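Quick caveat, the model's predicted, so the values are computed rather than measured.
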Amino acid sequence: MSIRENLARVRATLPTHVTLVAVSKTKTPAEILEAYQRGQRIFGENKVQEMTEKWRQLPKDIQWHMIGHVQRNKVKYMAEFVSLIHGIDSLKLMEEVARQAARYRRTIDCLLQIRIAEEETKFGMTEGEATALLASEGWKVLESVRIVGVMGMATYTDDREKIVREFLHLKAVYERLKALKVACCEFSVVSMGMSSDYPIAVTCGSTMVRIGSSIFGERG
Ligand SMILES: *Cc1c(COP(=O)(O)O)cnc(C)c1O
């Protein structure tokens with residue numbers, strides 16, 4: 001199946017209120033352009049340098065989402081153009097995003113990454129840590145970041161019930177954080193679901209799915 005056909009098939013399964021992030025990590029600019037020519041404008045990358053190189057080469061109306069773990073010293077390279085950072089997992093990282101966004105007179109939208117899987121390897125905060133971050137005085141004066149929601153990854157497993165539990169947990173955390181009504185936050189995004197589990201994520205209340213291999217094929 002071609003990228004074009006895959007994209008059409010994935011889109012056909014998504015309700016209109018769910019935003020599709022086409023995860024293009026390791027894929028070439030030519031492959032990205034194939035999806036672009038079919039109207040896709042939001043692409044996700046997990047490495048800052050790779051995303052920056054693609055941003056330079058590709059049409060400027062593409063919205064680039066950073067979906068991977070972000071090192072603080074790399075924020076400066078993407079601050080000029082990144083449209084959404086999915087993996088905010090500390091106040092220090094958010095402060096650096098604010099500092100770099102201010103240099104470009106931008107406001108950068110961010111998601112708080114919540115750890116919902118049992119796997120040790122997955123990044124993210126507990127609900128308590130996210131609540132503490134929102135409660136801390138430090139960042140409220142930072143006009144150059146806006147928290148717009150949460151992101152999480154379920155355990156990689158065949159156990160459908162487990163995935164459902166983890167996604168429903170993330171959705172519940174989202175609702176509770178949103179209910180805090182913290183200034184500078186505009187909660188509207190629940191980023192959950194990838195190729196293996198996005199249909200489940202959508203039934204659990206996802207508003208944004210991050211899909212790579214089902215569109216571009218397996219990564220080498
Ligand atoms: C790679 C990646 C995806 C997409 O994974 P696929 O299985 O290829 O759909 C989604 N989210 C994150 C955070 C990723 O790193």
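The backbone N or O of Ala98 sits less than 3.5 Å from a side-chain atom of Ser144, completing a donor-acceptor pair.
Counting heavy-atom neighbours within 6.0 Å of Lys181 NZ, excluding the residue itself, gives a total of 12 or less. For CD of Gln63, the number of neighbouring non-hydrogen atoms (other residues, nucleotides, ligands) closer than 6.0 Å is greater than 12. Counting non-hydrogen atoms of neighbouring residues, nucleotides and ligands closer than 6.0 angstrom, the CG atom of Asp158 reaches no more than 12 such neighbours. In this structure, Glu186 places its CD atom where only 12 or fewer heavy-atom neighbours from other residues, nucleotides or ligands lie under 6.0 Å away.
Glu96 and Gln100 are linked by a side-chain donor-acceptor pair at a separation below 3.5 angstrom, with hydrogens and angles left out of the test. Between the side chains of Lys74 and Gln71, at least one donor N or O sits under 3.5 Å from an acceptor N or O. A donor atom on one side chain and an acceptor atom on the other are found under 3.5 Å apart for Thr155 and Glu166. Donor-acceptor pairing under 3.5 Å is recorded for the side chains of Gln40 and Arg11. Ser213 and Arg219 form no side-chain donor-acceptor contact under 3.5 Å, judged by distance and modelled atom types alone. Judged by distance alone, the side chains of Glu5 and Ser2 do bring a donor and an acceptor atom under 3.5 Å apart. The closest side-chain donor-acceptor pair between Ser24 and Glu45 falls under 3.5 angstrom.
Under 4.0 Å is where a charged nitrogen must lie from a carboxylate oxygen, and between Lys25 and Glu50 no such pair does. The existence of a salt bridge linking Lys162 and Glu118 is confirmed by a sub-4.0 Å separation between a basic side-chain nitrogen and an acidic carboxylate oxygen. Glu34 has no carboxylate O lying under 4.0 Å from a charged side-chain N of Arg38, or vice versa, which leaves the two without a salt bridge.
Within the cation-pi definition used here (under 6.0 Å to the ring centroid, within 45° of the axis), Arg41 qualifies as a partner of Tyr36.
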